[in-house]
**Student:** 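Dumping the structure here so I can ask a few things about it.
In each ligand, atom 1 is the first atom listed, and ligand 1 is the first ligand listed. No hydrogens, no waters, no symmetry mates; every other heavy atom, side chains included, goes into these values.
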Amino acid sequence: MHPSGNHIDAEVDVRTLSVALLSGTGRMGVHLSAAWAHAGMDVRVCSRRKEKAQQIVDALLSGQGYSTGQIMVPPHPCDRPAPSASWRLQAGRVEEAADADVIVLASPFHVMWRTLEPLAPRMRGKGKIFIDLTNPWLNTSAPKGPRGQTLPPIPKAEPQASVLFHKTRFNDPTSSWCHAYRHVFWMLIHPTGPNPRCGERLGVELLGDPRAVAVCTAMIKAHGFKPVIRPGGCEVAPRYEISMLGRREKGPDAPPAAGSDPDGLIGPFSASPLIAVDALLEKAARHFR
Ligand SMILES: NC(=O)c1ccc[n+]([C@@H]2O[C@H](COP(=O)([O-])OP(=O)(O)OC[C@H]3O[C@@H](n4cnc5c(N)ncnc54)[C@H](OP(=O)(O)O)[C@@H]3O)[C@@H](O)[C@H]2O)c1
């Protein structure tokens, strides 16, 4: 029995998956694109400006990595171990995400539905898998109210979870949705596996519809992390949302706080604090390249 409560017969072969990241040019998008391409998936980095995505893809395919701003993908081989194959990685416009099997929601939460909505008519009825990375309560670029106050990212009358927000608006019974990777710092994801600064905390929390969870589980394992599946489907997602203060849900029945889960796998953007030193050194090194 799969932890999501359903029978899943066989592990998904990730090499059969086409994956589009929407948008794939940000911190999570670039690091995950490289890791998933290295794991054999057919990956498309989608952007409002294809030239921006193309520049990133060209740099990654050169094997030199990609390091700019806060994005720091180290140099890497672009051939995968046996069965040997080159990376399948390409740039695309936002609209081209509609053709993929798996769509990864990797824009800031407050613009995500605005980005996805125009594509929805072409995607509905096609059994798409959605992986929702968006953290509504960690959204530093979210719009403010007239007095500079933080606006609630999701109307209070609705379930307080991004995967439910997007799934409800997408409104397609053939699609399958999951929430994943919320607490994983982008810099921990390297093309050939976890950044050594992860230490033992290799867990990636996920939850959602069984088909999406099965696919995402395989995608997480494929780049060396450990899926930690929370039971209960998308309905339990509000319990697992996080803010700067940890889990949003508090109280004795709340799920274990990130960082103190009994498995010792999940951290709150967990890593050795030395990752901050790595970031400073990398930024300094750019001046000498
Ligand atoms: N950073 C993390 O460690 C982390 C961890 C877990 C989850 N998350 C979640 O993952 C998502 C991506 O995070 P990130 O840090 O990678 O984001 P990011 O770098 O700030 O932005 C990702 C991409 O979103 C697009 N975008 C930005 N502003 C936009 C706007 N106003 N309208 C339309 N598109 C816009 C841009 O793509 P184009 O310009 O190419 O269109 C940008 O490259 C967020 O929802 C975040 O909460 C982040």
Side-chain angles (χ1 to χ4, degrees), residues 20-36 43-57 59-60 66-73 90-97 103-119 130-144 150 153-154 161-163 165-166 178-190 194-195 197-198 201 203-207 216 219-220 223 225 228 237 240-244 246-248 258-259 266-271 275-276 278-279:
L21 293 100
L22 193 63
S23 297
T25 60
R27 296 172 293 184
M28 285 298 273
V30 175
H31 281 253
L32 279 171
S33 294
W36 284 334
V43 177
R44 192 181 285 269
V45 178
C46 295
S47 171
R48 289 168 293 174
R49 285 193 304 115
K50 188 169 180 177
E51 322 81 77
K52 178 179 172 186
Q54 191 65 58
Q55 200 183 4
I56 293 167
V57 164
L60 291 175
Y66 182 76
S67 183
T68 187
Q70 294 183 310
I71 301 172
M72 298 176 186
V73 177
Q90 50 187 321
R93 290 175 287 109
V94 161
E95 299 73 41
E96 291 174 85
I103 294 94
V104 181
L105 303 187
S107 300
F109 174 78
H110 71 286
V111 299
M112 196 67 255
W113 177 241
R114 196 196 300 165
T115 306
L116 179 61
E117 186 177 20
L119 317 186
F130 288 89
I131 300 179
D132 188 332
L133 308 185
T134 67
N135 276 318
W137 289 273
L138 285 175
N139 190 358
T140 49
S141 56
K144 301 275 186 211
T150 305
I154 298 178
S162 64
V163 71
F165 180 92
H166 292 128
C178 71
H179 141 148
Y181 285 95
R182 299 305 181 78
H183 55 86
V184 184
F185 243 154
W186 73 98
M187 281 187 289
L188 297 178
I189 301 164
H190 280 181
N195 182 330
R197 296 292 190 210
C198 288
R201 288 187 175 273
V204 176
E205 189 170 79
L206 76 160
L207 58 87
C216 189
M219 291 170 70
I220 292 167
H223 67 110
F225 284 81
V228 179
Y240 292 93
E241 291 286 8
I242 51 178
S243 72
M244 294 305 278
R247 295 274 188 215
R248 293 193 72 239
I266 304 287
F269 293 92
S270 63
I275 197 164
D278 297 344

**Student:** For the 3.5 Å polar cut-off, considering only N or O atoms, please tell me whether S47 and ligand 1 meet it.
**Tutor:** yes

**Student:** For ligand 1, which is the ligand I care about here, please tell me if R114 has any N or O atom under 3.5 Å from one of the ligand's N or O atoms.
**Tutor:**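 No - when backbone and side-chain N and O of R114 are compared with those of ligand 1, no distance drops under 3.5 Å.
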
**Student:** Which ligand 1 atoms, with their elements, are less than 4.0 angstrom from a heavy-atom of L133?
**Tutor:** 7 (C), 8 (N), 9 (C), 10 (O)

**Student:** Go through ligand 1 atom by atom and flag the ones less than 4.0 Å from a non-hydrogen atom of A106.
**Tutor:** 11 (C), 12 (C), 22 (C)

**Student:** May I ask you to list the atoms of ligand 1 that are less than 4.0 angstrom from any heavy atom of F109?
**Tutor:** 45 (O)

**Student:** Please walk me through it: do R247 and E205 pass salt bridge (charged side-chain N to carboxylate O under 4.0 Å, His left out)?
**Tutor:** CA-CA 13 Å; R247 295 274 188 215; E205 189 170 79; 2.8 Å; yes

**Student:** Evaluate F185 for polar contact with ligand 1, using N/O atom pairs at a separation under 3.5 Å.
**Tutor:** no

**Student:** Do S107 and ligand 1 have an N or O pair less than 3.5 Å apart?
**Tutor:** yes

**Student:** Hey, what do you get for CZ (R44) to OG (S33), rounding to the nearest 0.5 Å?
**Tutor:** 12.0 Å

**Student:** Ignoring hydrogens, just give me the one of L138, I242, N135 whose non-hydrogen atom is nearest atom 46 (C) of ligand 1.
**Tutor:** N135

**Student:** Taking atom 42 (C) of ligand 1 as the point of reference, which of L188, T25, V45 owns the nearest heavy atom?
**Tutor:**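 Residue with the shortest heavy-atom distance to the ligand atom: T25.
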
**Student:** Can you find a side-chain donor-acceptor pair between R48 and S107 that sits under 3.5 Å?
**Tutor:** no

**Student:** With rounding to the nearest 0.5 Å, note down the distance linking CG in L21 to OG in S47.
**Tutor:** 11.5 Å

**Student:** With a 4.5 Å limit on heavy-atom distance, are the side chains of L22 and V104 in contact?
**Tutor:** no

**Student:** In Å, rounded to the nearest 0.5 Å, how long is the span from OG of S162 to CH2 of W137?
**Tutor:** 7.5 Å

**Student:** Nearest heavy atom to atom 20 (O) of ligand 1: which of G29, S23, P108 does it belong to?
**Tutor:** P108

**Student:** NE2/H31 to OH/Y66 distance, rounded to the nearest 0.5 angstrom?
**Tutor:**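 Answer rounded to 0.5 Å: 10.0 Å.
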
**Student:** Give yes or no for whether the N/O distance cutoff of 3.5 Å, strictly under, is met between H110 and ligand 1.
**Tutor:** no

**Student:** Is it the case that ligand 1 has an N or O less than 3.5 angstrom from some N or O of R49?
**Tutor:**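 In fact, backbone or side chain, R49 has no N or O that close.
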
**Student:** Taking 4.0 angstrom as the limit and counting only heavy atoms of V184, give me the atoms of ligand 1 inside it, by number and element.
**Tutor:** 3 (O), 5 (C), 6 (C)

**Student:** Identify, by atom number and element, the atoms of ligand 1 in contact range of T134, meaning under 4.0 Å from any of its heavy atoms.
**Tutor:**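 The atoms of ligand 1 under 4.0 Å from a heavy atom of T134 are 45 (O).
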
**Student:** When rounded to the nearest 0.5 angstrom, what distance separates CZ in R27 from CD1 in I71?
**Tutor:**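 Nearest 0.5 Å value for the CZ-CD1 distance: 8.5 Å.
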
**Student:** Is the gap between the ring centers of F109 and H166 under 6.0 Å?
**Tutor:** yes

**Student:** I'd like to check whether R182 has a polar contact with ligand 1, where a contact means an N/O of the residue lying under 3.5 Å from an N/O of the ligand.
**Tutor:** no

**Student:** Can you see which heavy atom on P136 is nearest to which on R182, and at what distance?
**Tutor:**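 That would be CD-NH1, 4.4 Å.
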
**Student:** Only one of E96, Q55, Q90 passes side chain to side chain contact (heavy atoms under 4.5 Å, CB included) with K50; say which it is.
**Tutor:**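 Checked E96, Q55, Q90 against K50; only one passes side chain to side chain contact (heavy atoms under 4.5 Å, CB included): E96.
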
**Student:** Tell me the contacting part of V111 for ligand 1: side chain, backbone, both, or neither, using a 4.0 Å heavy-atom threshold, strictly below.
**Tutor:** side chain

**Student:** Report the part of L105 (side chain from C-beta onward, or backbone N, CA, C, O) that has a heavy atom under 4.0 Å from ligand 1; answer both or neither where that applies.
**Tutor:**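 Neither part.
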
